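Dropping the structure in here first, questions after.
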Amino acid sequence: MKNKEHKYIFVLGGVMSGVGKGVVTSSIGLLLQQKGYPVNLVKVDPYLNVDAGTMNPTEHGEVFVLRSGLETDQDMGNYERFLGRDLTNEDYMTSGMVYQSVIARERSLEYGGKCVEAIPHVRDEILSRFVAAATYNGSFISVIEIGGTVGDFQNELFIEAARVIKMEHPDNVLFVMVSYLPMPGTLGEMKTKPTQTAVRDLNSYGVQPDFIIARSKEALDEKRKEKLSVSCSVNKDRVISAPDIKSIYEAPLNFERDGLSDQLLEALKLPEKRHASLSAWGRFAKAVSNEKAPEVSIAIVGKYFDTGDFVLSDAYLSVIESIKFSAAKLGKRAKISWVNSKHFEKGKSTASLSKFDGVIVPGGFGEAGIEGKIKAIKFVREHKIPYLGICYGMQLMVIEYARHVLGLKDANTAEIKKTAKHLIVDVMLEQKQHLIEAKYGGTMRLGVYPAYLKKGTMARKAYKKEIIEERHRHRYEINPAYVKKIEDAGLIFSGTSPDGVLMEIAELKKSDHPFMIGTQFHPELQARPLAPHPLFTEFIKAATVRKGKKH
Ligand code: GLN
């Protein structure tokens with residue numbers, strides 16, 4: 001380890017997945033940061049995909065794109081939102097990345113003729129990535145979430161690497177186990193046994209948890225705290241109760257009430273640099289789950305709707321959170337409804353969209369549900385319903401305009417119909433080769449690019465500046481050959497790449513529509529609880545105005 005002082009907190013899951021390791025990791029990060037320590041948060045995804053970009057969002061949740069362009073897991077989005085800052089490539093790793101490096105080294109004879117093995121070679125690659133995350137990010141404490149649960153085949157080597165760091169630097173490493181206490185309806189009491197078993201499983205790797213975060217329906221009572229403490233050999237003050245909460249943003253406040261950050265610092269033998277101030281966060285957390293705030297109803301029109309709302313909230317996580325942040329800032333509560341665009345193709349009337357105060361068409365890929373989305377966009381344009389189109393939602397907004405205002409009937413995107421007469425949206429030049437060679441992983445236009453905003457436009461007014469930087473994830477672009485024609489017909493490209501070639505934002509004149517904006521980038525990736533995104537805020541404002549008029 002280069003920096004002998006660096007501290008590591010490993011967050012592991014016991015009993016079952018999906019109980020909030022990511023929220024625990026994010027909360028620990030926020031609390032320690034508030035105590036004055038530079039923190040970085042690291043996500044380990046044990047699957048073999050090299051990044052999250054090739055995975056279906058309805059199966060694995062949204063793909064969160066870092067500033068650098070790396071396509072990562074949705075947990076990285078929560079980390080950034082809790083810390084209020086950008087994370088880097090070193091903060092994310094998958095088994096795929098680890099193996100890819102090891103195999104590349106083997107192919108170039110860097111192991112000097114040795115037999116390459118899981119231990120030590122793969123483990124050491126993981127170790128060096130943990131150290132890189134600690135070194136390159138200028139942090140003092142790394143909080144590393146190891147995906148999956150204890151006992152999974154896939155994460156064993158990561159736990160083994162963590163054990164080795166602990167063995168070498170016993171005072172600098174903590175293990176936090178996030179566990180779950182089920183409460184079977186027939187018994188009506190919380191059961192500690194699965195947690196005890198999970199701790200024993202972890203012990204079999206040579207690892208003992210220093211903290212147990214006990215997730216459960218209700219708060220842990222003293223009796224169960226004691227039981228867990230004694231049976232799992234964890235100090236009672238370090239068994240932390242984590243009952244279900246209304247919003248994930250309450251988690252750090254609850255943990256702080258249990259003294260978690262003081263306990264962590266004590267365990268790491270670190271002094272408190274300053275008292276953790278959570279007042280701004282507390283105000284936000286209260287506002288975001290204020291059920292009495294006036295409601296604005298927002299429809300998200302998309303195609304992934306055969307899977308159930310639960311899955312959808314993961315697939316569009318950052319969009320939903322961005323809506324919530326802006327609504328909270330404006331003292332409103334957003335009620336989000338999912339609208340299946342395929343139904344508009346099967347004859348359902350788009351007039352049903354009138355009941356909403358605002359409509360979003362988020363990012364997407366492929367053909368399914370596209371004509372339905374275009375119908376929805378036509379309706380909101382003609383009926384002056386506030387609209388925010390993100391990526392695909394912007395491309396389709398421009399196609400709709402070309403079809404129905406310019407009269408270019410078969411206007412389309414090359415993603416769907418390469419032979420269309422009017423390819424309003426075409427594949428970007430550098431993308432053509434990737435598609436021919438079927439090189440899909442990590443090849444889109446990804447990450448942060450600057451855009452210039454035109455004076456006097458809604459976009460410029462919202463951002464209050466001329467140059468912005470936003471994160472991208474797309475292969476197609478507005479075809480430059482049509483830009484002038486479209487602008488002459490009344491649509492404004494209010495944001496462009498610095499060379500003026502790529503259209504980054506499209507909008508309708510305020511005199512034509514109260515709020516109709518589409519962005520080629522994903523604004524939702526940079527919205528933060530304490531710094532909501534200006535475009536979402538303006539969108540919610542416009543939705544509020546519409547609501548006021550309806551009544
Ligand atoms: N499918 C479109 C493209 O690749 C839009 C991508 C997106 O919405 N993220 O350009």
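These values consider heavy atoms only, across backbone and side chains, with no hydrogens, waters or symmetry-generated copies. Read the numbers this way: they start at 1 and go in the same order the structure lists the ligands and their atoms. Because the structure is predicted, anything quoted here is derived from the model rather than measured.
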Within-shell test, Met444 vs ligand 1, heavy atom, strictly < 4.0 Å | no
Distance flag, aromatic centroids of Tyr79 and Tyr92, threshold under 6.0 Å |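 Centroid separation for Tyr92 and Tyr79: 6.0 Å or greater.
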Near-ring test Phe325/Tyr249, centroid separation under 6.0 angstrom = yes
Starting from atom 4 (O) of ligand 1, locate the nearest protein heavy atom and write down its residue, its atom name and how far away it is, to 0.1 Å.
-> Arg475 N, 2.9 Å
Answer with side chain, backbone, both or neither: which part of His522 has a heavy atom less than 4.0 angstrom from an atom of ligand 1?
-> side chain
Residue part near ligand 1, for His474, under 4.0 Å between non-hydrogen atoms | both
For Arg473, counting its heavy atoms only, list the atoms of ligand 1 lying under 4.0 Å from any of them.
->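 Those atoms are 6 (C), 7 (C), 9 (N).
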Would Gln395 count as a contact of ligand 1 if the rule is a heavy atom under 4.0 Å away?
-> yes
Hey, looking at atom 5 (C) of ligand 1, which of Pro362, Gly363, Gly393, Gly364 has the closest heavy atom?
-> Gly364
Decide, yes or no, whether a salt bridge links Lys375 with Glu371 under the criterion of side-chain N to carboxylate O below 4.0 Å.
-> no
Identity and separation of the nearest protein heavy atom to atom 1 (N) of ligand 1 =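 Heavy-atom neighbour on the protein nearest atom 1 (N) of ligand 1: Glu415 OE1, 2.7 Å.
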Going by atom types only, do Ser497 and Asp499 share a side-chain donor-acceptor pair under 3.5 Å?
-> yes
Can you find an N/O atom of Gln520 closer than 3.5 Å to an N/O atom of ligand 1?
-> no
Of all the atoms in ligand 1, which lie at a distance below 4.0 Å from a heavy atom belonging to Cys391?
->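 This gives 5 (C), 6 (C), 7 (C), 8 (O), 9 (N) as the contact atoms.
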Is the distance between the ring centroids of Tyr47 and His60 under 6.0 Å?
->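 Close enough - the centres of the two rings lie under 6.0 Å apart.
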Output the distance between atom CG (Leu48) and atom CD (Gln154), rounded to the nearest 0.5 Å.
->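 Between atom CG of Leu48 and atom CD of Gln154 there are 5.5 Å.
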Distance flag, aromatic centroids of His533 and Tyr463, threshold under 6.0 Å =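 Aromatic pair counts; centres sit under 6.0 Å.
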